[in-house]
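Reading through the structure tokens given below for one structure.
Labels below follow one simple rule: chain letters A, B, ... track the order of the sequence lines, proteins then strands, and each chain is numbered from 1. All values below come from the heavy atoms of this structure, side chains included, with hydrogens, waters and symmetry mates left out.
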Number of protein chains: 2
Amino acid sequence: MTVTIRDVAKLAGVAPSTVSRVIANNPRISDSTKKKVRQAMDYLGYHPNINARSLAARSTQALGLVMPSSANKAFQNPFFPEVIRGISTKAHEKGFALYISTGMNEEEIFDGVVEMVQGRRVDGIILLSTSMDDKIVEYLYVSHFPFTVVGKPYKYEDKISHVDNDNYRAAGELTKHLIDLGHERIAFIGGSLNLVMTTDRLLGYEKALRNAEIPFREDYIFHEEFLKEGGSGAVEALMALEEPPTAFVVMDDLMALGVLGTLSEKGVSVPDDVSVVSFNNVMLAELSTPPLTSVDINIFQLGYKAADCLLDSIENENKPPERIIIPHKIINRMSSAPYKKK
Amino acid sequence: MTVTIRDVAKLAGVAPSTVSRVIANNPRISDSTKKKVRQAMDYLGYHPNINARSLAARSTQALGLVMPSSANKAFQNPFFPEVIRGISTKAHEKGFALYISTGMNEEEIFDGVVEMVQGRRVDGIILLSTSMDDKIVEYLYVSHFPFTVVGKPYKYEDKISHVDNDNYRAAGELTKHLIDLGHERIAFIGGSLNLVMTTDRLLGYEKALRNAEIPFREDYIFHEEFLKEGGSGAVEALMALEEPPTAFVVMDDLMALGVLGTLSEKGVSVPDDVSVVSFNNVMLAELSTPPLTSVDINIFQLGYKAADCLLDSIENENKPPERIIIPHKIINRMSSAPYKKK
DNA sequence: ATGAAAGCGCTAACAC
DNA sequence: GTGTTAGCGCTTTCAT
């Protein structure tokens with residue numbers, strides 16, 4: 001039923017290995033036989049069986065993607081489709097397929113990764129999120145299996161290839177943007193401290209304050225589970241302070257959307273009363289009311305480069321680990337405005 | 001280097017075939033040897049090579065997902081992570097993995113599907129979007145390859161398993177919701193007419209108007225490329241009419257977010273001046289300002305059932321095609337309110 | 001209840 | 001430049 005390499009070989013009057021070489025476009029095959037073989041392939045509607053190929057060649061031509069727990073709200077973040085788009089674009093260029101592993105909890109995800117690696121389902125892995133004390137990173141690292149992380153790994157930072165933004169600088173610039181607008185009471189609403197990204201951004205924020213000689217206030221800092229409640233708890237608490245902030249630095253556009261909502265409910269106007277700025281610059285940053293000033297972290301590029309880097313280290317086993325920093329850019333929109341004294 | 005079934009067999013003092021049977025948990029193997037073999041597996045850290053298994057058993061334990069063109073803005077819609085979460089949950093239950101095929105354009109995507117099918121990379125395919133005159137549907141259908149579509153196929157509607165909402169009814173109810181609030185000038189902002197979903201919803205909208213004896217107005221109907229501009233063009237045009245609508249039925253939450261933005265720019269207040277309702281009820285419907293009245297189409301379930309149905313037809317080749325309708329529910333939020341005469 | 005052996009469809013030495 | 005052959009690691013008759 002299935003047409004195999006032998007059928008093609010027979011029809012073309014050559015040996016199976018020759019057909020195999022034609023598939024691989026081996027230069028040592030004469031053009032005339034190539035043509036002959038290709039005709040036979042077309043005629044028979046031949047398609048290589050990938051499993052057989054993988055088995056024999058010990059390579060799958062597939063990359064594994066590890067997403068955060070699907071129980072996690074983060075899963076719904078438009079960040080993911082966009083990184084995947086980047087990864088997919090690069091993978092496609094090199095003829096690689098994507099294999100996606102998910103799971104309801106940390107453990108399931110971990111098992112999925114082990115299965116991918118040991119089961120030889122993929123040639124390399126991209127971690128789309130990582131946190132402190134990540135068992136997957138540990139496992140992959142000691143296994144010497146090719147992998148790249150999107151974001152900054154907590155451990156082995158310079159032993160693991162990763163592609164990240166300069167979150168420290170980005171947060172600094174974003175905070176400075178507010179300071180330049182005259183704001184001094186600037187709150188920070190972050191995600192889980194468990195994420196390295198959060199820490200980096202918090203440090204950048206602190207640095208910007210220090211540079212401007214604005215005292216750091218512990219009560220202006222909030223860490224909320226990403227997206228849960230959309231940061232409304234933080235906003236409530238912050239606005240109830242004796243000296244409420246006049247500007248908010250928010251970790252993520254989706255969260256900022258929630259912040260915008262809560263503020264509006266409380267009758268606080270953005271940007272007239274307070275400014276709100278955030279990170280990621282996903283599509284909704286543009287669509288929200290008011291449109292959000294947001295740091296474009298170039299998500300597509302994050303994914304594209306991660307795939308690129310991974311593919312390199314699959315090709316060349318001894319490629320040293322690499323840190324790739326994707327440039328960011330503050331996109332100025334309506335949600336931030338000069339501080340107005342009341 | 002790699003530990004194979006033979007290593008396990010040797011250590012356990014049995015034949016390779018026995019080990020294979022233990023993996024498959026064949027009931028004809030005595031408990032004592034099972035135990036013995038499993039110990040050996042653990043001891044050696046054995047993991048079956050999936051490619052070898054797939055090759056021999058002619059089954060990959062993987063499902064293929066086909067997304068819309070990644071050049072397409074639709075790709076960024078939070079709809080996708082959520083369907084995938086549903087699919088992944090079911091797939092996981094049955095020990096299936098997910099392959100994702102993407103591509104920059106229709107053609108690349110089509111080729112990817114062919115490769116998945118002919119290359120035996122997957123046992124079945126789920127189409128996450130389909131349009132009229134879909135070549136992929138055609139191909140899969142004539143190949144007799146197991147597949148399911150999320151949404152309604154344009155052709156072969158009752159010969160292809162698919163899971164969908166009752167978009168006709170949902171749109172009807174949503175429109176009626178507005179009519180019940182006293183609205184009569186109700187606009188419809190849809191996506192590409194190329195999507196079957198759009199047509200279904202438009203028909204439902206028309207039906208609701210008819211039932212209420214409200215005349216259908218051509219100039220209240222707009223079809224915009226999903227998300228492009230976020231429907232702002234439509235809003236501009238509609239509000240410039242002599243008799244502008246007092247309510248908007250929008251195809252999608254993201255688009256509705258854009259509509260909200262454009263209205264706010266024009267100084268039109270929601271829901272005081274006009275009401276806006278939409279579909280999908282993704283997270284941002286709740287986070288937007290004002291929170292959106294939206295039809296919860298149960299995206300997770302859409303994916304979960306699609307996987308379920310596909311897995312069934314993989315197991316049982318003769319399973320007749322099935323249409324599965326996922327229930328919807330209007331979630332009432334702040335963006336819709338009674339019509340106020342001016 | 002278990003073993004022996006023949007593939008699954010392909011690649012990659014090694015020949016010539 | 002092309003053919004022969006031996007696997008890749010597993011499943012699955014067919015024996016016993």
Side-chain angles (χ1 to χ4, degrees), chain A residues 1-38 40-41 44-62 95 97 115-123, chain B residues 1-38 40-41 44-62 95 97 115-123:
Chain A
M1 207 203 76
T2 3
V3 23
T4 78
I5 217 171
R6 305 181 70 94
D7 301 322
V8 178
K10 211 165 290 171
L11 179 62
V14 298
S17 52
T18 303
V19 177
S20 174
R21 289 187 183 106
V22 173
I23 295 171
N25 203 15
N26 187 317
R28 299 197 311 201
I29 300 290
S30 76
D31 283 358
S32 67
T33 39
K34 274 190 188 171
K35 215 148 287 175
K36 218 168 42 182
V37 170
R38 293 218 171 96
M41 297 199 319
L44 296 174
Y46 170 78
H47 269 267
N49 181 313
I50 292 171
N51 299 116
R53 181 214 290 273
S54 300
L55 184 58
R58 306 172 155 63
S59 103
T60 58
Q61 299 278 102
E115 205 240 48
M116 274 188 177
V117 174
Q118 311 267 13
R120 302 271 180 290
R121 261 214 214 248
V122 299
D123 294 339
Chain B
M1 207 203 76
T2 4
V3 24
T4 80
I5 219 171
R6 304 180 70 95
D7 302 321
V8 178
K10 211 166 291 171
L11 180 62
V14 298
S17 51
T18 302
V19 177
S20 174
R21 290 187 182 106
V22 172
I23 295 171
N25 202 14
N26 189 316
R28 297 196 313 200
I29 298 291
S30 76
D31 283 358
S32 66
T33 39
K34 273 189 187 169
K35 215 147 289 176
K36 220 168 40 185
V37 170
R38 293 216 171 96
M41 298 199 319
L44 296 174
Y46 171 78
H47 270 267
N49 181 314
I50 293 171
N51 299 115
R53 182 216 289 273
S54 299
L55 182 58
R58 308 172 152 61
S59 103
T60 58
Q61 300 278 102
E115 204 241 50
M116 273 189 175
V117 173
Q118 310 266 15
R120 301 270 180 293
R121 262 216 214 248
V122 299
D123 295 339

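Scanning DNA chain C 5' to 3' for nucleotides with an atom closer than 4.0 angstrom to a non-hydrogen atom of chain B gives a first and last hit of dA1(C) to dG9(C).
Close to dG1(D), at under 4.0 Å from its OP1 or OP2, lies no side-chain N or O of T18(A). Between T4(B) and dG9(D) there is no side-chain polar atom (N or O) within less than 4.0 angstrom of OP1 or OP2.
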Start with the C-alpha distance between E115(A) and I50(B), add both sets of side-chain angles, then the distance that settles side-chain contact (heavy atoms from CB on, under 4.5 Å), and finish with yes or no. CA-CA 9 Å; E115(A) 205 240 48; I50(B) 293 171; 3.3 Å; yes

Go through it in stages, so that I can follow the logic: the residues are R58(B) and T2(A), the test is side-chain contact (heavy atoms from CB on, under 4.5 Å), and I'd like the CA-CA distance, side-chain angles, deciding distance and then a yes or no. CA-CA 11 Å; R58(B) 308 172 152 61; T2(A) 3; 5.8 Å; no

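A heavy atom lying under 4.0 Å from DNA chain C marks the following residues of residues 51-61 of chain A, by number: A52(A), R53(A), A56(A), A57(A).
Taking the side-chain hydrogen bond (donor to acceptor under 3.5 Å, both in side chains) definition, one finds that S54(A) meets it with nothing, sequence neighbours left out. Under the side-chain hydrogen bond (donor to acceptor under 3.5 Å, both in side chains) criterion, S30(B) pairs with S32(B), T33(B), sequence neighbours left out. By the side-chain hydrogen bond (donor to acceptor under 3.5 Å, both in side chains) test, N49(A) is found to be paired with no residue, residues two or more places apart in sequence or in another chain being considered. A search for salt bridge (Lys or Arg N to Asp or Glu O under 4.0 Å) contacts involving R53(A) returns nothing, not counting sequence neighbours. Under the side-chain hydrogen bond (donor to acceptor under 3.5 Å, both in side chains) criterion, Q61(A) pairs with no residue, sequence neighbours left out.
Within 4.0 Å of V19(B), counting heavy atoms only, lies no atom of the nucleic acid at all. No contact: G119(A) has no heavy atom under 4.0 Å from any strand.
At whole-Å resolution of the value, CD1 in I50(B) and P in dC8(D) are 19 Å apart. Taking atom CD1 of I5(A) as the reference point, atom P of dT4(D) lies 14 Å away to the nearest angstrom. Taking atom CZ on R120(A) and atom C1' on dC10(D), their separation rounds to 14 Å, with Å as the unit.
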Please set out all donor-acceptor pairs under 3.5 angstrom arising from side-chain atoms of residues 11-27 of chain B, sequence neighbours excluded.
residue, atom, partner, partner atom, Å
N25(B), OD1, K34(B), NZ, 3.0
N25(B), OD1, R38(B), NH2, 3.4
N26(B), OD1, R28(B), N, 2.8

Might you list the N or O atoms of the protein lying below 3.5 Å from N or O atoms in nucleotides 13-16 of chain D, with each pair's distance?
residue, atom, partner, partner atom, Å
dT13(D), O4, R21(B), NH2, 3.2

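The closest side-chain heavy-atom distance from T4(B) to D7(B) is below 4.5 Å.
Axis angle, first five pairs versus last five pairs of the helix from dA1(C)-dT16(D) to dC16(C)-dG1(D): 30°, rounded to 10°.
Across all their heavy atoms, Y46(A) and I5(A) have their closest contact at CE1-N, 3.6 Å.
With hydrogens and angles ignored, the 3.5 Å screen pairs no side-chain donor or acceptor of N51(A) with any backbone N or O of N51(B).
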